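The structure appears right after this line, and notes come after that.
Only a predicted model underlies this, so the values are computations on that prediction, with no experimental measurement involved. All values below come from the heavy atoms of this structure, side chains included, with hydrogens, waters and symmetry mates left out. Labels below follow one simple rule: chain letters A, B, ... track the order of the sequence lines, proteins then strands, and each chain is numbered from 1.
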Amino acid sequence: MRMTNLLLPTERQAPSDAEALSHILGVRAGLVRQLGTGLWTWLPAGWRSHQRAVQIVREELDAIGGQELLMPLIQPRELWRKTGRADFDEVFKLEDRKGSELILAMTHEESVTFHMSQLVRSYRDLPKILYHFQTKARDEPRPRAGVLRTREFIMKDSYSFDRDAAGLDESYAKHVVAYDRIFDRTGLEWYRVESDVGMMGGSGAHEYMAPCPAGENDVALAPGYAANVEVASADPQPVPMPAALAAPAEVTTPGMATIEAVAGHLGVHRGALLKAFPVVSDSGKLVLVVVRGDHRVNETKLRNHLGEGFRPASTEEIEQQIGPPGFIGPVGAQVPVLLDLAVADGASGGWVAGANRPDTHLQGVEPGRDFAFERCDVRAVEAGDLVGGAAIRIEPAIEVGNIFKLGTRYSEPLGATFLDESGSEQLIVMGSYGIGPARIVAAAIEQTADEHGIAWPRALAPWQVHLVVLGKPDTPEREAAEGLYAELVEAGIETVYDDRAGGAGEKFADAELLGCPLRLTVGRRTLEDGLVEAQARRGSESLAPIPLREGAAPAVEALLRELA
RNA sequence: CGGGGAGUGGCGCAGUCUGGUAGCGCACCCGGCUGGGGGCCGGGCGGUCGCAGGUUCAAAUCCUGUCUCCCCGACCA
């Protein structure tokens, strides 16, 4: 591709409102442009990278027997009523000229299940894996960070259809294989992490996470362990228990309504206290959640344990049903107590907890002896907690893919059934599996960029070679560059050719901003010796120059292989 | 939805407080020089100052309303 023909609007300055690196560089390198909040156009260079991600995904899904199809973006709203998702805030609703109610699909479980409910009759029709690349429309509450979270984006979603849970396990395992290969091939740093199955009842889920600063999720990582912090579990760091406060007694703590104040007053570690967090579940039950004073409640884990949503109790509810806010605790509380796993029984020294009376705490508190409780893991893990003896670290990451065992969540309301060998009707067991190519591209930018710009992994680069010519028209440099460009194109090497009239600095800066793996420079300096300079985008050392005389394409191909 | 910020040529910004002919850098166009890291000289094009209404002799500037965009949080199959 000649740059004189290419729409590649590079910018020296970052857009003033951009924050995330992928946003800044995506715009500066001329990959994407914004049309509105969460609405982005992919310009030619960016679209090439996007398509490269798409093609990798396609090849690996085909390899596990997936079949590509295409379902509509616009769908009848009635279909979504059957699954209870028609009224979701995220769903764009619209009407046609006749007033028929339609929606823009935010995903395609409904439509694919609808079809399969008609097309699958027998166990002989199963299993199947279907997938497509299609625009998803979501009325996001807050789009952000360029193409990272948008209101309209292309997603690869695949769906598996099996006769039973064992079949689903197999389809799921196939997707694990395909996804692992996909993300290996992209060249990203990635982790497959355990993830929340949510309230929709799924029996298993993983997310594929690409660590980078702009990530919206946090992952807990340790050797051999990776989990979304929403579900991560780890052994807590030990806390020094105050032996001096082992004897049960009341302590006066006037006005000390915070963990910090009480711990400071008593001269103990915050972790020696019990933090009481009263919540009211959606069904109206008041529960006192108790974690170590230096720990925080993990809302996802708590919600999953409760089996329903919840909200923090109001001040009134706390005062009326437990005690004065700031001084509440499990001892003597007239509500169920949910005690976090990290609070060990009979810890030497005993715990400090609110006494449910003003300006008063209790020391020497021992779970079981002093209060009844239900034990569960509800705390948020923290960096330094141990998994298998190793300390975890917590990193922000982009979710680039997920895999989810749906079960019969959709086949049941949509009546997707089949007849088994005995002629009895069974529900199809489903899985759903997503990948966001745009996020793969954004993650690659985030993970590889340096102070000069993007440094694509080869698999995602819009072009493999960035050919720069230095020299005015009608010079030997131009002539040599034209010849080389023609040869590279002929050899099938994807090349962007900077044939513009600009100066060297400008061209080199743009090449580094765009980030193609290999830069070739035709200039007077080496052309006199019949050579073309080669420079890898990553690393600063110049590569051996390439002789032009005998044809350069094989040498360029060899260089590219080395860069891989 | 709550909090904060911003809308002035393609991009980045000044001007707004204190009303008086809309500016700067980059980019772009023309001519020339230069020709290996965003170079130099000269000459140009380009803006209903987000939109609507109001105040005023006069509004980018003051008032009211409204739209859009960004950031943080809530939210995120």
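Side-chain atoms of A/Arg519 come within donor-acceptor range of the base of B/rG37, with a qualifying N/O pair under 3.5 Å. No donor-acceptor contact under 3.5 Å links the side chain of A/Glu506 to the base of B/rG36. Side-chain atoms of A/Arg138 come within donor-acceptor range of the base of B/rA77, with a qualifying N/O pair under 3.5 Å. The base of B/rC76 is paired with the side chain of A/Arg149 by a donor and an acceptor separated by under 3.5 Å.
For A/Trp80 and B/rA77, the CH2 to P distance is 13 Å, given to the nearest whole Å. Separating the CD atom of A/Gln535 from the C1' atom of B/rG36 is a distance of 13 Å, rounded to the nearest angstrom. The separation between A/Arg144 atom CZ and B/rC69 atom C1' is 16 Å, rounded to whole Å. Distance A/Leu527 CG to B/rG36 C1': 13 Å, rounded to the nearest Å. A/Phe508 has its CZ atom 11 Å from the P atom of B/rG38, to the nearest Å. Across the protein-nucleic acid pair, A/Leu148 atom CG and B/rC72 atom P stand 11 Å apart, rounded to whole Å. Between the CG atom of A/Leu7 and the P atom of B/rG10 there is a distance of 16 Å, given to the nearest Å. The distance between atom CG of A/Asp157 and atom C1' of B/rA77, rounded to the nearest whole Å, is 11 Å.
Here the closest heavy-atom approach between residue A/Tyr485 and residue A/Arg2 is recorded as OH-N, 3.7 Å.
Comparing the same atom, C1', in B/rG44 and in B/rG9 gives a spacing of 14 Å after rounding to whole Å. Of the C1' atoms belonging to B/rA22 and B/rU64, the separation is 25 Å, rounded to the nearest Å. Nucleotides B/rU8 and B/rC69, compared at atom P, are 14 Å apart to the nearest Å. A gap of 14 Å separates the C1' atoms of B/rC11 and B/rG46, to the nearest Å. Comparing the P positions of B/rA58 and B/rU21 gives an interatomic distance of 15 Å, to the nearest angstrom. Rounded to a whole angstrom, the distance from the C1' atom of B/rG2 to that of B/rA14 is 33 Å. When the C1' atom is compared between B/rC63 and B/rG38, the two are found 46 Å apart, to the nearest whole Å. Rounded to whole Å, the separation between the P atoms of B/rC45 and B/rA6 comes to 33 Å.
In this structure, the side chain of A/Thr150 engages the main chain of A/Glu152 through a donor-acceptor pair within 3.5 Å. In terms of modelled atom types and a separation under 3.5 Å, the side chain of A/Ser117 and the main chain of A/Ala416 share no donor-acceptor contact. Looking at A/Ser111, its side chain never comes within 3.5 Å of a backbone N or O of A/Met71 through a donor-acceptor pair. Panel note: side chain A/Arg537, backbone A/Glu512; a donor-acceptor pair is recorded below 3.5 Å. The main-chain N or O of A/Tyr131 is never found under 3.5 Å from a side-chain atom of A/Ser158 such that the two would form a donor-acceptor pair.
Under the 6.0 Å cut-off for aromatic ring centres, A/Trp456 and A/His466 do not qualify, their centroids lying 6.0 Å or more apart.
Counting non-hydrogen atoms under 4.0 angstrom, A/Glu399 reaches nothing in the nucleic acid. Within 4.0 Å of A/Pro9, counting heavy atoms only, lies no atom of the nucleic acid at all. Within 4.0 Å (heavy atoms only), A/Thr107 reaches no atom of the nucleic acid at all. Counting non-hydrogen atoms under 4.0 angstrom, A/Ala145 reaches the backbone sugars and phosphates but no base. Residue-level contact check: A/Gly471 touches neither bases nor backbone, having no heavy atom under 4.0 Å from any strand. Within the 4.0 angstrom heavy-atom criterion, no nucleotide atom of any strand lies near A/Asp89. Contacts of A/Gly523 with the nucleic acid, taken as non-hydrogen atoms under 4.0 Å apart, include base atoms. Within 4.0 Å (heavy atoms only), A/Ala18 reaches no atom of the nucleic acid at all.
Residues A/Val32 and A/Thr41 fail the side-chain proximity criterion, which asks for heavy atoms closer than 4.5 Å.
For A/Met106, the side-chain atoms get nearest to B/rA77 when compared with the rest of B/rC71, B/rA77, B/rC75. In the set B/rC71, B/rG36, B/rG38, the nucleotide with an atom closest to the side chain of A/Asp510 is B/rG38. Taking only side-chain atoms of A/Glu90, from C-beta outward, the nucleotide of B/rG36, B/rC75, B/rC71 with the closest atom is B/rC75. Proximity note for A/Glu533 (side chain, C-beta onward) versus B/rG37, B/rC70, B/rG36: the nearest is B/rG36. Closest approach to the A/Glu11 side chain among B/rG36, B/rC69, B/rG10 is made by B/rG10 (side chain taken as heavy atoms from C-beta onward). Checking B/rC70, B/rC26, B/rG36 against every side-chain atom of A/Gln34, the shortest atom distance belongs to B/rC70. In the set B/rG35, B/rG36, B/rG37, B/rG35 carries the atom at the smallest distance from any side-chain atom of A/Lys472. When distances are taken from the side chain of A/Pro15 to each of B/rG36, B/rG12, B/rC70, the shortest belongs to B/rG12.
Taking the six-membered ring where tryptophan is involved, the planes of A/Tyr433 and A/His175 are essentially parallel, since the angle between them stays under 30° and well short of 60°. Ring geometry for A/His108 versus A/His132: interplanar angle over 60°, hence perpendicular rather than tilted (30 to 60°).
Summary of the strand contacts: A/Phe153 and A/Pro143 both lie near RNA chain B, and taking for each the nucleotide with the nearest heavy atom, the more 5' one is attributed to A/Pro143. Each of A/Thr37 and A/Arg28 has a nearest nucleotide on RNA chain B; the 5'-most of these lies closest to A/Arg28.
Residue A/Ser16 places at least one side-chain N or O under 4.0 Å from the OP1 or OP2 atom of B/rC13. In this structure, A/Gln13 does not reach the B/rG25 phosphate: none of its side-chain N or O atoms is under 4.0 Å from OP1 or OP2.
A/Asp377 and A/Ser233 share a donor-acceptor pair across their side chains, judged by distance under 3.5 Å alone. Side-chain contact check for A/Glu395 and A/Tyr191: no donor-acceptor pair (N or O, by modelled atom type) lies under 3.5 Å.
Across all strands shown, B/rC28 forms a Watson-Crick or G-U wobble pair, both distances under 3.5 Å, with B/rG44. Nucleotide B/rG73 forms a pair with B/rC1, judged by Watson-Crick or G-U wobble geometry with both contacts under 3.5 Å. Remark: B/rA6 base-pairs with B/rU68; criterion is Watson-Crick or G-U wobble with both hydrogen-bond distances under 3.5 Å. The partner of B/rC33, taking Watson-Crick or G-U wobble pairs whose two distances both stay under 3.5 Å, is B/rG39. Judged by Watson-Crick or G-U wobble contacts below 3.5 Å, the nucleotide B/rC17 has no partner.
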Classify every nucleotide of nucleotides 1-8 of chain B by which part a protein heavy atom approaches to under 4.0 Å, writing B for the base, S for the sugar-phosphate alone and - for neither, in 5'-to-3' order. B-------
